[in-house]
Asks: 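Input: one structure, supplied below.
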Amino acid sequence: MPKPLRADAARNRDKLLDAATRVFGERGLDAPLEEIARRAGVSIGTLYNHFPTREALIDAIFPARVAVLERIGAQALADDDAWRGFTRFVEGVFALQAEDFGLNDALSGRFSTAAGLAEACRGGLEVARRLIARAKDSGQLRADFEERDFVTLIWAMSKVIRESADEAPLAWRRCLAFFLDGLRAEAARPIPS
């Protein structure tokens, strides 16, 4: 069992986590660690004493933030209409990504070596898998849409979100609306593998 932190060390750790959450949210997961230390008011050495790697810092913050997908998914699964539940989940995921560049990077798998983050993402993907199956079973989601297509959509939308943030911060919503229309079962046409 790890030894409890001294009060000053615990305060520094909390300041680092707060600063990292803000800096990652503004700049993404590849933001300079020096900037995080500066905003926390501690040295870079103090940051590395608490979090020896970038992945350790990411794992201290993002698993809990990604776990919100399970809550959004539970609300979507409770919706009587399978299509509406599916689209609300998808829109909720991308709304979170648009609000936080760190979360955008986390969900798009840019730092898959962070074990805690990867595990949290698997939980979110399990919810997505259930919503996809439910929408397909209802006949509203095209039958050939698969979990890996959802992952590809996350990658694509993460780029749209990042690239349009300054000029057109809501452009991702329009892009997603076109995509979702193409996922309706009645719009389905054969596509190449």
Asks: Looking at every heavy atom in both G73 and V127, which two are closest together, and how far apart are they?
Replies: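 Shortest heavy-atom separation between G73 and V127 comes out as CA-CG1, 3.2 Å.
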Asks: If you apply the rule side-chain contact (heavy atoms from CB on, under 4.5 Å), what do you find for I132 with E146, and how did you get there?
Replies: CA-CA 7 Å; I132 290 167; E146 300 173 3; over 6 Å; no
Asks: side-chain contact (heavy atoms from CB on, under 4.5 Å), that's the test. Do T21 and R65 meet it? Break it down for me.
Replies: CA-CA 10 Å; T21 299; R65 295 183 62 106; 3.3 Å; yes
Asks: Would you name the heavy atoms of I161 and A98 that are closest together and state the gap between them?
Replies: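 Closest approach of I161 to A98: CG2-CA, 3.6 Å.
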Asks: Enter the distance from L183:CG to T87:OG1 here, rounded to the nearest 0.5 Å.
Replies: 10.5 Å
Asks: Using a 6.0 Å cut-off, check whether atom CD of E186 has over 12 heavy atoms from anything other than its own residue.
Replies: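 Enclosed.
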Asks: Applying salt bridge (charged side-chain N to carboxylate O under 4.0 Å, His left out) between E147 and each of K136, R122, R129, R130, report the one that passes.
Replies: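 Only one of K136, R122, R129, R130 forms a salt bridge (charged side-chain N to carboxylate O under 4.0 Å, His left out) with E147, namely R129.
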Asks: When you compare the side chain of F89 with that of F150, does any pair of heavy atoms fall below 4.5 Å?
Replies: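 F150 vs F89: side chains touch.
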Asks: In Å and rounded to the nearest 0.5 Å, what is the CZ to CG distance from R22 to D100?
Replies: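 Taking CZ in R22 and CG in D100, the distance rounds to 12.5 Å.
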Asks: List in chain and number order the residues that pass side-chain hydrogen bond (donor to acceptor under 3.5 Å, both in side chains) with E26, two or more places apart in sequence or in another chain; answer none if no residue qualifies.
Replies: R39
Asks: From L107 CG over to S158 OG, what is the distance, rounded to the nearest 0.5 angstrom?
Replies: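 L107 atom CG to S158 atom OG measures 9.0 Å (nearest 0.5 Å).
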Asks: Which of these, K159, E99, Q97, sits in a side-chain hydrogen bond (donor to acceptor under 3.5 Å, both in side chains) with N104?
Replies: Q97
Asks: Got more than 12 heavy atoms from elsewhere within 6.0 Å of CG, D8?
Replies: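 Counting neighbours around CG of D8, more than 12 heavy atoms of other residues, nucleotides or ligands fall under 6.0 Å, so yes.
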Asks: Between the main-chain N or O of T46 and the side-chain N or O of N12, is there a donor-acceptor pair closer than 3.5 Å?
Replies: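 Checked: no pair found.
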Asks: Could you walk me through whether I58 and F24 pass side-chain contact (heavy atoms from CB on, under 4.5 Å), step by step?
Replies: CA-CA 9 Å; I58 290 168; F24 286 151; 4.2 Å; yes
Asks: Decide yes or no for L180 and L176: does some side-chain heavy atom of the first lie under 4.5 Å from some side-chain heavy atom of the second?
Replies: yes
Asks: Between R162 and D105 (salt bridge meaning N to carboxylate O under 4.0 Å), is one present in this structure?
Replies: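 The answer is yes: the pair qualifies as a salt bridge.
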Asks: Report the distance from atom CG of L47 to atom CG of L16, rounding to the nearest 0.5 Å.
Replies: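 With rounding to 0.5 Å, CG (L47) is 5.0 Å from CG (L16).
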Asks: Please name all residues satisfying salt bridge (charged side-chain N to carboxylate O under 4.0 Å, His left out) with D79, sequence neighbours left out, ordered by chain then number.
Replies: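 With sequence neighbours excluded, D79 shows a salt bridge (charged side-chain N to carboxylate O under 4.0 Å, His left out) to R84, R88, given in chain and number order.
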Asks: What heavy-atom pair brings I36 and A19 nearest, and what distance separates the two atoms?
Replies: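 Of all heavy-atom pairs spanning I36 and A19, the closest is O-CB, 3.5 Å.
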Asks: Please give me the minimum heavy-atom distance between L103 and F62, naming the atom from each residue.
Replies: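 Closest approach of L103 to F62, heavy atoms only: N-CE2, 3.6 Å.
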Asks: The test is side-chain contact (heavy atoms from CB on, under 4.5 Å); show your working for D144 and D149 and say whether it passes.
Replies: CA-CA 9 Å; D144 57 352; D149 298 314; over 6 Å; no
Asks: According to the interplanar angle, ranging from 0 to 90°, do the rings of F86 and F145 count as parallel (below 30°), tilted (30 to 60°) or perpendicular (above 60°)?
Replies: perpendicular
Asks: Which atoms form the tightest heavy-atom contact between S138 and A82, and what is the distance?
Replies: OG-CB, 3.7 Å
Asks: Checking D30 against R54 for the salt bridge (Lys or Arg N to Asp or Glu O under 4.0 Å) test, could you report, in this order, the C-alpha distance in whole Å, the side-chain angles of both residues, the deciding distance, and whether it holds?
Replies: CA-CA 9 Å; D30 53 0; R54 180 178 299 272; over 6 Å; no
Asks: So does F101 get a backbone contact from the side chain of R27, meaning a donor-acceptor N/O pair under 3.5 Å?
Replies: no
Asks: Is a donor on one side and an acceptor on the other found under 3.5 Å between the side chain of W155 and the backbone of S108?
Replies: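 Yes, W155 side chain to S108 backbone: donor-acceptor pair under 3.5 Å.
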Asks: Which distance, rounded to the nearest 0.5 Å, do you find between the CD of E35 and the CD1 of I44?
Replies: 10.5 Å
Asks: Going from CG on L125 to CD1 on I154, what distance comes out if it is rounded to the nearest 0.5 angstrom?
Replies: 6.5 Å
Asks: Which heavy atom of C175 sits nearest to which heavy atom of M157, and what is that distance?
Replies: SG-SD, 3.9 Å
